[in-house]
Amino acid sequence: MGLTHICGKSRLIMDLLELGQRIDNREAKLGVIGLGYVGLPVACLFADAGFAVLGVEIKIERMEKINAGISPIDGQEPGLADLLIEVVTGGQFQATADYEGLRNCDVVIIDVETPVDDDHKPPYDALRNVLKRLGPVLKEGALVIVESTIAPGTMDRVVRPLLEGASGKRMNEGFYLGHCPERVMPGKLLSNLRGVSRVCGGMTPQTAESMIALYRHIVEADLDPADCVTAELVKTAENAYRDVNIAFANEVALVCEAVGGDAWKVRELVNKSPGRHMLWPGAGVGGHCIPKDPWLLIANVGDYFEPCMIPAARTINDGMPLHVVDLTVRALREAGVDIAETKVAVLGYAYLENSDDNRNSPSEVLVRRLQELGAKVSIHDPYVFGYGGDPQEMIRGCDAVVVMVAHDDYKGADITEWRECAGRPILIDGRGVFSVGQAQEAGWDYWALGKKT
Ligand code: SAJ
């Protein structure tokens with residue numbers, strides 16, 4: 001091993017040891033770039049743990065709300081609004097739109113969106129922009145941690161060269177680099193950040209150890225050291241795993257429709273078999289993670305092999321809202337009605353039960369297709385802004401009612417009263433909310449995903 005290399009290695013170790021001490025005694029100054037549903041709670045938790053935190057947010061209105069102690073995040077996020085007020089008024093946390101303030105930061109955490117394009121590839125526009133603006137102000141010896149979900153290989157082939165180019169520094173000399181993928185869920189942001197284990201992927205083992213020392217201040221669960229590729233693989237694979245398993249449940253549901261089974265009953269009994277954990281079939285897979293992360297997992301493998309199962313699962317899940325449309329068309333046709341002259345009430349517009357989040361909602365796909373077929377569609381959702389009110393008013397006079405989300409409000413509804421409001425007794429159940437007996441007893445011509453009715 002050459003002297004330079006030994007000096008370089010000892011320099012790295014010395015730098016990270018010194019950084020580790022500043023982290024341990026909370027002297028290290030933290031920067032968080034991107035104050036969305038991940039960055040904002042991360043910034044608040046580190047500020048609450050005693051660090052001085054500077055948040056960088058390019059959306060001025062969002063930045064100003066945060067500095068006024070007002071959480072810009074919609075929906076119920078237990079504890080976040082109070083924590084934000086506390087750390088802002090306590091002076092531990094402030095937001096800015098200016099990268100200059102990051103010059104004093106020993107640690108910079110990056111939390112920006114990483115969508116995929118129509119070719120299912122991540123352009124990383126936001127991430128590239130952040131790295132180009134961070135480079136010139138990056139403090140000597142700073143630790144940069146990407147928390148955004150990224151395709152395996154991105155840290156080494158995108159983040160590292162961009163940051164070295166923009167900063168004029170070399171990794172493991174002028175700065176240190178790691179990837180700690182977020183594992184938050186809307187509605188449970190703070191509890192997930194505190195209670196769910198994290199993979200701390202460092203470009204060197206020493207970097208991973210420094211990351212563990214940092215996250216130990218806010219995470220009560222396991223902090224697992226790894227290299228960056230492992231961290232990239234774990235996050236994208238865990239969500240691809242979920243997507244593939246949902247697709248399996250959906251394909252079993254279609255089999256049940258074809259042969260006369262009940263997919264919910266089948267799932268319950270399958271899961272009595274040791275080692276089986278079949279998920280729930282449904283009218284589609286929405287949200288900000290599951291539809292995207294499988295594509296990130298396979299984004300950089302095309303030169304090596306052609307994945308088939310993961311894309312096939314995406315095709316199955318993306319097809320489920322359209323399958324519910326087919327059920328609706330068939331039900332109306334059997335009642336002697338062409339969908340083009342009908343009124344259809346769609347109950348549920350969020351992507352997830354009891355949530356107001358409608359990102360990538362399967363209901364959007366269903367509504368668009370029904371309208372293309374000529375139906376007049378009304379939408380209800382007790383949580384999504386603009387679609388509240390009494391569902392019976394949406395149902396009144398309709399030719400078909402389609403339930404797309406298993407909100408508790410629907411599970412507890414009196415569907416006999418719904419029937420009395422409806423123009424025709426056609427009920428399409430996309431989430432197994434009702435039983436065949438319950439629906440037919442209430443006088444409905446009941447059609448359900450995953451059930452032969
Ligand atoms: N869905 C099904 N069948 C299922 C489960 C979900 O059709 O059995 C549908 C849902 O209706 C929804 C979509 O899939 O439209 C996604 O649901 P989700 O329960 O996976 O919720 P998400 O999108 O919030 O996923 C998050 C992810 N968490 C992170 O990325 C940190 C995911 O890894 C978690 O597994 C998931 O929450 C969770 O377990 O709640």
Side-chain angles (χ1 to χ4, degrees), residues 36-38 41-42 73 75-77 111 113-115 147-150 180-199 219 221 231-254 263-264 266-268 270-271 276-297 313-314 316-321 323-324 347-366 381 383-384 403-408 410-411 429-433 449-450:
Y37 70 90
V38 180
V42 165
I73 292 180
Q76 300 299 316
E77 287 300 345
D111 281 313
E113 71 275 8
T114 52
E147 290 194 330
S148 307
T149 303
I150 49 180
C180 184
E182 53 84 7
R183 279 177 161 165
V184 299
M185 284 171 238
K188 317 175 204 169
L189 295 180
L190 288 184
S191 65
N192 263 49
L193 277 170
R194 290 185 178 117
V196 175
S197 68
R198 304 281 294 263
V199 179
V219 178
E232 292 166 327
L233 283 162
V234 167
K235 170 65 191 216
T236 50
E238 71 191 33
N239 280 352
Y241 169 86
R242 188 162 177 85
D243 196 50
V244 167
N245 279 276
I246 294 168
F248 174 77
N250 284 333
E251 190 135 278
V252 169
L254 300 181
W264 272 264
V266 168
R267 173 188 171 277
E268 181 194 334
V270 160
N271 288 346
R276 277 29 172 213
H277 308 286
M278 187 172 155
L279 290 179
W280 293 267
V285 174
H288 50 289
C289 304
I290 308 298
K292 166 190 67 135
D293 294 353
W295 294 121
L296 289 176
L297 174 60
R314 290 275 70 240
I316 291 168
N317 291 337
D318 282 350
M320 294 314 288
H323 178 66
V324 176
L347 304 190
Y349 206 66
Y351 84 86
L352 200 60
E353 58 274 11
N354 307 323
S355 164
D356 69 341
D357 194 336
N358 66 342
R359 282 175 288 185
N360 297 317
S361 169
S363 299
E364 279 179 68
V365 174
L366 173 115
D381 191 300
Y383 294 90
V384 178
V403 177
M404 286 292 285
V405 184
H407 288 318
D408 289 347
Y410 302 147
K411 288 179 178 173
D429 184 355
R431 294 283 178 186
V433 173
L449 185 146

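Just so you know, ligand 1 is whichever comes first in the structure, and atom 1 is the first atom listed for that ligand. No hydrogens, no waters, no symmetry mates; every other heavy atom, side chains included, goes into these values. The shown structure was predicted, so the numbers you read here are calculated from the model rather than taken from an experiment.
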- Quick one: does P291 get within less than 4.0 Å of ligand 1, heavy atoms only? no

- ligand 1 contacted by E238 (non-hydrogen, < 4.0 Å): no

Electrostatic pair [X]-[Y], nearest N-O below 4.0 angstrom:
| X | Y | answer |
| --- | --- | --- |
| R431 | E353 | no |
| R198 | E182 | no |
| K292 | E113 | no |

- Flag yes if more than 12 heavy atoms outside E251 fall under 6.0 Å of its CD atom; otherwise flag no. no

Answer yes or no: is there a side-chain heavy-atom contact under 4.5 Å between [X] and [Y]?
| X | Y | result |
| --- | --- | --- |
| H288 | P186 | yes |
| Y351 | N358 | no |
| K188 | V184 | no |

Please determine if [X] has a nitrogen or oxygen closer than 3.5 Å to a nitrogen or oxygen of ligand 1.
| X | answer |
| --- | --- |
| R183 | no |
| G282 | no |
| N239 | yes |

- Item | Shortest non-hydrogen separation from D356 to V384 and the atoms involved | O-CG2, 3.7 Å

Closest protein heavy atom to [atom], given as residue, atom name and distance to 0.1 Å:
| atom | answer |
| --- | --- |
| atom 28 (N) of ligand 1 | M185 CG, 3.6 Å |
| atom 30 (O) of ligand 1 | K235 NZ, 3.0 Å |
| atom 17 (O) of ligand 1 | L352 CD1, 3.6 Å |
| atom 1 (N) of ligand 1 | I246 CD1, 3.7 Å |
| atom 9 (C) of ligand 1 | G284 O, 3.8 Å |

Numbering the atoms of ligand 1 from 1, which are under 4.0 Å from a heavy atom of [X]?
| X | answer |
| --- | --- |
| G286 | 12 (C), 13 (C), 15 (O), 16 (C) |
| V184 | 28 (N), 29 (C), 31 (C) |
| R431 | 7 (O), 11 (O) |
| C289 | 30 (O) |

- Message: On a heavy-atom basis, I'd like to know which of Y351, W280, Y241, F248 is closest to atom 24 (O) of ligand 1.
- Response: Y351

- Message: Heavy atoms only: which of R242, R359, M320 lies closest to atom 35 (O) of ligand 1?
- Response: R242

- Query: Only one of L297, L296, D293 forms a side-chain contact (heavy atoms from CB on, under 4.5 Å) with K235, so which one is it?
  - Reply: D293

- Task: Determine the sole option in N271, I246, N250 for which the side-chain contact (heavy atoms from CB on, under 4.5 Å) test with L279 is passed.
- Result: I246

- Does V285 approach ligand 1 within less than 4.0 angstrom via side chain, backbone, both or neither, non-hydrogen atoms only? both

- For H407 and D381, test the side chains for any donor-to-acceptor distance below 3.5 angstrom and give the result as yes or no. yes

